[in-house]
Amino acid sequence: MENLYTQAVHAGEQPDPSTGAVDTPIYQASTYTHHDAEESAAAIEAAQAGARTGYVYTRWGNPTIRALEEKLAALESGEAALAFSSGMAAIATALLSLVKTGDHIVAGRQLYSGTHHIMTQRLPALGIETTLVTPDDIENFARAARPTTKIIYIETPSNPLLEITGIRAVAELAHEHGITSMIDNTFATPVNQRPLELGIDLVIHATTKYLCGHGDAMGGAVIGRRDFVDRTLTNYHRDLGGVPSPFNAWLTLRGTRTLPLRMERHNANALALARFLSEHPRVERVYYPGLEDHPGHELAKRQMVGGFGGMLSFEARGGLDAGRRVLNRVKLCTRAVSLGDVKTLITHPASTTHYIVPREAREAAGISDGLIRLSVGIEDIEDLMADLDQALR
Ligand SMILES: Cc1ncc(COP(=O)(O)O)c(C=O)c1O
């Protein structure tokens with residue numbers, strides 16, 4: 001296999017066959033013509049059968065979007081990928097393609113709030129139940145599984161407390177019971193962690209985050225075995241319609257070329273900042289899997305082969321008021337939700353990203369009112385430390 005740095009630059013892309021343009025053009029087209037009626041009929045038949053050759057209509061496939069899909073599949077060591085208009089479109093479509101009324105899902109308790117909302121509000125309305133478990137012990141997943149369980153779903157590191165779940169153990173448990181295993185790999189990215197190589201069936205990304213990397217395009221992706229992605233998932237994708245625009249796919253494709261370089265810096269900056277904050281007198285607690293005292297550190301060392309990621313959370317001494325003060329005083333860090341941007345973003349999960357999660361569920365998941373989440377960017381580390389230090393003091 002080619003090295004990830006090389007794949008990020010080259011995979012899925014060739015000079016444009018019609019013009020020789022070296023970089024993939026934005027095919028800003030919704031429909032495609034054919035030489036005659038027979039060719040149209042053949043293209044539609046092939047597309048219906050899940051073929052990836054030829055184009056009919058952009059909701060069914062587009063050359064810019066396809067280049068992105070090929071690159072994402074290569075980066076995650078997957079056979080095939082499908083790109084979506086957002087991370088939530090990818091998650092919702094993947095879930096709906098695998099469950100029907102009466103089915104059951106087991107998921108780690110700390111989930112992105114949108115995913116939590118789908119599992120606890122939208123799916124129950126369709127007669128699909130989810131059991132949320134503490135993900136630090138595989139026995140919790142095993143105990144929660146039922147004969148009707150169709151999916152085991154995890155996020156590791158989790159949002160926002162960076163809890164670590166054993167990926168290989170989840171994959172093995174799921175396979176033993178004929179259940180599909182799914183992971184949201186948005187926080188780690190394929191640079192740090194490649195779940196398909198550990199036996200997971202489906203990897204999900206909010207490409208809005210690190211894969212795009214520049215905070216300028218929404219997107220999502222699902223990566224897995226070709227038979228599932230190109231047939232079952234593709235059919236749901238076409239019906240539900242969460243297709244990215246060619247322009248957003250192009251921005252994401254462009255961002256993805258520098259993913260390994262950016263992640264090197266995100267990893268290094270976050271580790272340095274986590275160490276700095278954990279020694280800071282005004283900080284109560286830091287959550288970062290790269291710190292030796294993080295409960296998931298040993299596991300993270302084994303499965304996060306490229307680094308511990310760019311996300312960390314912390315509690316300032318003094319709870320909610322102290323947390324709010326830090327947020328109001330930062331000058332370099334940007335107060336904003338989202339993550340994975342080259343800029344450092346700072347947010348208060350209880351009132352922003354996890355606002356729609358009911359307080360009891362937030363508390364059960366360990367998300368305190370004073371928690372602050374940082375998406376550590378690629379700025380100079382001394383500048384970031386100085387900014388947080390002045391905000392904390
Ligand atoms: C881990 C994770 N998964 C999925 C999503 C949803 O992605 P999007 O906002 O692109 O729909 C997010 C959004 O913040 C996220 O943090």
Side-chain angles (χ1 to χ4, degrees), residues 68 72 76 81-96 107-120 122 132 135 151 153-165 167 182-190 192-193 195 200 202-223 237 240-245 248-249 251-252 255-256 263 266 270 287 289 304 309-313 334-341 343 345-357 362 365 367 371 373-376:
L68 172 63
L72 296 179
E76 281 288 5
L82 264 188
F84 289 78
S85 52
S86 68
M88 285 315 301
I91 292 165
T93 307
L95 292 176
L96 288 172
R109 66 175 182 164
Q110 268 190 28
L111 296 169
Y112 170 63
S113 58
T115 313
H116 184 273
H117 207 241
I118 288 202
M119 289 185 183
T120 57
R122 305 285 176 231
L132 297 176
I151 299 171
Y153 187 103
I154 56 171
E155 249 183 69
T156 178
S158 70
N159 185 1
L161 288 181
L162 294 307
E163 279 187 338
I164 304 294
T165 303
I167 299 174
M182 282 170 77
I183 183 171
D184 184 333
N185 204 30
T186 300
F187 268 37
T189 83
N192 289 338
Q193 172 173 286
I200 290 285
L202 292 176
V203 167
I204 305 245
H205 277 285
T207 62
T208 313
K209 318 297 178 183
Y210 288 105
L211 289 162
C212 171
H214 295 73
D216 48 17
M218 303 290 296
V222 179
I223 303 130
H237 192 19
L240 297 175
V243 178
S245 72
N248 277 4
L251 284 169
T252 308
T256 304
M263 289 315 298
H266 286 296
Y287 302 83
M304 299 188 79
M311 300 299 298
L312 69 88
S313 293
T334 306
R335 275 181 302 279
V337 297
S338 201
L339 60 113
D341 198 322
K343 297 188 182 93
L345 305 179
I346 186 165
T347 192
H348 175 239
S351 65
T352 59
T353 53
H354 288 66
Y355 176 69
I356 58 167
V357 179
R362 275 205 313 269
I367 304 167
L371 191 78
R373 191 188 78 182
L374 272 178
S375 167
V376 183

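As the structure lists them, so they are numbered: ligands from 1, and atoms in each ligand from 1. Along the sequence shown, the residues carry numbers beginning at 1.
- The distance from ligand 1 to the heavy atoms of Ser86 drops below 4.0 Å at these ligand atoms: 10 (O), 11 (O).
- For atom 10 (O) of ligand 1, the closest heavy atom belonging to the protein is Thr208 OG1, 2.6 Å.
- Side chains of Leu240 and Leu96 form a contact here, defined as non-hydrogen atoms less than 4.5 Å apart.
- Note: an N/O pair closer than 3.5 Å links Lys209 and ligand 1 by distance alone.
- Side chains of Met88 and Tyr112 form a contact here, defined as non-hydrogen atoms less than 4.5 Å apart.
- Under the side-chain contact (heavy atoms from CB on, under 4.5 Å) criterion, His117 pairs with Gln121, Arg122, Ile356, not counting sequence neighbours.
- The ligand atoms of ligand 1 that sit less than 4.0 angstrom from a heavy atom of Asn159 are 16 (O).
- Atoms CG and CD1, from Leu95 and Ile151 in turn, are 5.0 Å apart once rounded to the nearest 0.5 Å.
- At a heavy-atom distance under 4.0 Å, no atom of Thr115 approaches ligand 1.
- Leu345 and Ala336 make their closest contact through CB-O, 3.9 Å (heavy atoms, listed as atom of the first residue, atom of the second, distance).
- With Tyr112, Phe187, Phe84 as candidates, the residue nearest to atom 6 (C) of ligand 1 on a non-hydrogen basis is Tyr112.
- Among protein heavy atoms, atom 8 (P) of ligand 1 sits closest to Gly87 N, 3.4 Å.
- Remark: ligand 1 atoms within the under-4.0 Å shell around heavy atoms of Asp184 are 1 (C), 2 (C), 3 (N), 4 (C).
- Between Met218 and ligand 1, no N or O atom pair is found at a separation short of 3.5 Å.
- Gln193 and Pro195 make their closest contact through O-CD, 3.3 Å (heavy atoms, listed as atom of the first residue, atom of the second, distance).
- Under 4.0 Å from ligand 1, not a single heavy atom of Ile204 appears.
- Interatomic distance, Glu155 CD to Thr186 OG1, rounded to the nearest 0.5 Å: 7.0 Å.
- The shortest non-hydrogen separation linking Asn248 to Thr252 is O-OG1, 2.8 Å.
- Checked against a 3.5 angstrom limit, the closest N/O atoms of Met88 and ligand 1 fall inside it.
- Each of the following atoms of ligand 1 lies closer than 4.0 Å to a heavy atom of Ile91: 4 (C).
- For atom 7 (O) of ligand 1, the closest non-hydrogen atom of the protein is Ala206 CB, 3.2 Å.
- Between Thr156 and Thr165, the closest heavy-atom pair is OG1-N, 3.0 Å.
- Here the closest non-hydrogen pair linking Pro160 and Gln110 is N-OE1, 4.1 Å.
- Under the 4.0 angstrom criterion for non-hydrogen atoms, Thr207 is not in contact with ligand 1.
- Residue Leu339 has at least one heavy-atom neighbour below 4.0 Å for each of these atoms of ligand 1: 16 (O).
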